[in-house]
Amino acid sequence: MTIQSFLSISTGASITDGRAKPWYSADAAAQFNIPHHPQELQHILAQLARSELPKAQLNIGLHASDRYAALILEEAISILVDRGLLTWTLKVNGNEIVSRIGLGFRGDRRSREMCGHFSLSRFAYCRVVDQEVVLESPETSSRLVVHDEELLGLIFSFRAPFNVFELRRKEGVGSVRVGIAELLIDSGMATRCEEAVHDWEFHDRLFHTWSRFGPVMLPYGRADTELGSEANPQLISERPVLQLAKPGAADELSINDFSELLATRESLRTHGRAELSLDNLALFLHRSAVHSTDERHPRGRRPYPSAGARFPLSIYVLAGRCINLPSGLYFYDPVAHQLAARRQDDELLRRAIAAYAHLGNVHPDNFQVALLLTARLEMIRHYRRVAYANALKEAGAVYQTMYLVATAMKLAPCALGGGNSTLFSAVAGLGIDEPPIGEFLLGTRSDL
């Protein structure tokens, strides 16, 4: 079987009078100027406006000796592919087998030389997008749409090192295996063996790329979409609600040196014999998370920053030993400043207490309180790719606020590096649309 390569204008993209609109932009104003290039490029784009074009015809009008001009033209076309304007498609016997579609422009374009040994990036992964099987990698600004799913085995066979020139000698320039190998290299899905990245975990690299602007140029940031209510989810009326105390003039802390407060902030995993009281917990929650309004903030504000003042984080109180607060899981309503019981003492709750005590190196019998943060994604879905990243940053701001309040109140705070999402979601009865993203232990100090 002989493989052929075709170039076409991407579905949803357009070229008008030297202006280009990429497929990934729904905004009619999101266009860019095609830089001035020789007449050959303009001729190719004019042809593409009518139909697809075989790659073999890219050098129309160029003399065979003018290799430098040919390279400039090929690089210009590659830029337009990266920007999502043009699409490369490989065909066998007239049937599409795989297409390369650009997701944006990296800025620091890599060399397209194919000499040396390559292997499929360890960051490459397969998923379904709009009912199509696609191959993506955070190391590249393209995605490969696999039209023939039988090719997946061949694609992933390139996880072993390979050399394109050796493949060409063994199987011929027009073979499917050579065509796929060249496409993997040209798209960035395959990288030189000596340039492989070792310092990143797969999930961290993927999250970093897709939650920041630049590596890919898919819709990013706030979108004008209709959002739900600003208020927290309504408390279930039949569940017990516990009103909490608020700070009074006598309760206000006198902090003369804020720098000293910052300097003495620390994680304390050892809790004292005396139990945390409900009043102290109430004051702690009021100072670190209460939702208030004033003339400058009619929509409300909290003691920590939030993207767009959406405040998507919720706080659940997992109580073990707390004076005047029965062991259980409670939802904190920062608007009404009250707790609503979600689960009382039972086997699943005891498992959760034991799990979070273990994570904090605290004996279950000495476990006092854990404050568990969740993100209500419906509150921030208009931030699209950056929504979850913003929620994590907000959780970090909440951590610091809680640390400072706990330090000022002479309590023992300790943020955890992770938690059991499956167990907590089961205890709280939450779905995937409200994932747990933070855990914070709180108790009395052992040195006081």
Q: Step through it carefully: locate the ring centre of Phe367, locate the ring centre of His271, and say whether they are under 6.0 Å apart.
A: no

Q. Should His337 and His291 count as side-chain neighbours, where that means a heavy-atom distance under 4.5 Å?
A. no

Q) Any side-chain heavy atom of Asp148 within less than 4.5 Å of one from Asn95? A) no

Q: Would you indicate whether Glu149, at its atom CD, is surrounded by more than 12 heavy atoms from other residues, nucleotides or ligands within a distance under 6.0 Å?
A: no

(Q) Are Phe311 and Tyr304 packed together at the side-chain level, in the sense that at least one heavy-atom pair is separated by less than 4.5 angstrom? (A) yes

Q: Would you please indicate yes or no on a ring centroid separation below 6.0 angstrom for Phe440 and Tyr403?
A: yes

Q: Check whether any side-chain heavy atom of Leu325 sits under 4.5 Å from a side-chain heavy atom of Leu339, and report yes or no.
A: yes

Q | Within-4.5 Å side-chain heavy-atom neighbours: Phe424 and Leu430 | A | yes

(Q) Under a 3.5 Å threshold, yes or no: a donor from one side chain and an acceptor from the other, between Thr407 and Arg265? (A) no

(Q) Measuring centre to centre across the rings, with the benzene-like ring taken for any Trp, is Phe118 within less than 6.0 Å of Phe158? (A) no

Q. Is the shortest heavy-atom distance from the side chain of Leu371 to the side chain of Tyr399 under 4.5 Å?
A. no

Q. Do you know the tightest heavy-atom contact between Leu85 and Ser14?
A. CD1-O, 3.5 Å

(Q) Checking side-chain polar atoms at under 3.5 Å, does Thr87 have a donor or acceptor matched by the opposite partner on Ser99? (A) no

Q.
Taking the cut-offs as 6.0 angstrom to the six-membered ring centre and 45 degrees off its axis, would you call Arg143 and Trp210 a cation-pi pair?
A. no

Q) Are the side chains of Val290 and Arg301 in touch, meaning some heavy atoms are under 4.5 Å apart? A) no

Q) Between Arg351 and Asp346, is the closest basic N to carboxylate O distance under 4.0 Å? A) no

Q: Kindly check if the number of other-residue, nucleotide or ligand heavy atoms within 6.0 Å of CD (Glu194) is above 12?
A: yes

Q.
Classify the ring geometry of His208 against Trp200: parallel below 30°, tilted from 30° to 60°, perpendicular beyond 60°.
A. tilted

Q) Is it true that the side chains of His297 and Asp294 contain a donor and an acceptor less than 3.5 Å apart? A) yes

Q: For the pair Glu347 and Arg350, find out whether any cationic side-chain nitrogen is under 4.0 Å from an anionic carboxylate oxygen.
A: yes

Q. Got more than 12 heavy atoms from elsewhere within 6.0 Å of CD, Glu201?
A. no

Q. Going by atom types only, do Ser314 and Arg376 share a side-chain donor-acceptor pair under 3.5 Å?
A. yes

Q: Looking only at non-hydrogen atoms, find the nearest pair between Leu348 and Val427 and report the distance.
A: CG-CG2, 3.6 Å

Q.
With a sphere of 6.0 Å drawn around NE2 of His117, does it hold more than 12 non-hydrogen atoms of other residues, nucleotides or ligands?
A. yes

Q: Return the minimal non-hydrogen interatomic distance between Val405 and Ser288, and the atom names on each side.
A: CG2-CB, 4.0 Å

Q) Is a side-chain donor-acceptor pair under 3.5 Å present for Thr89 with Glu96? A) no

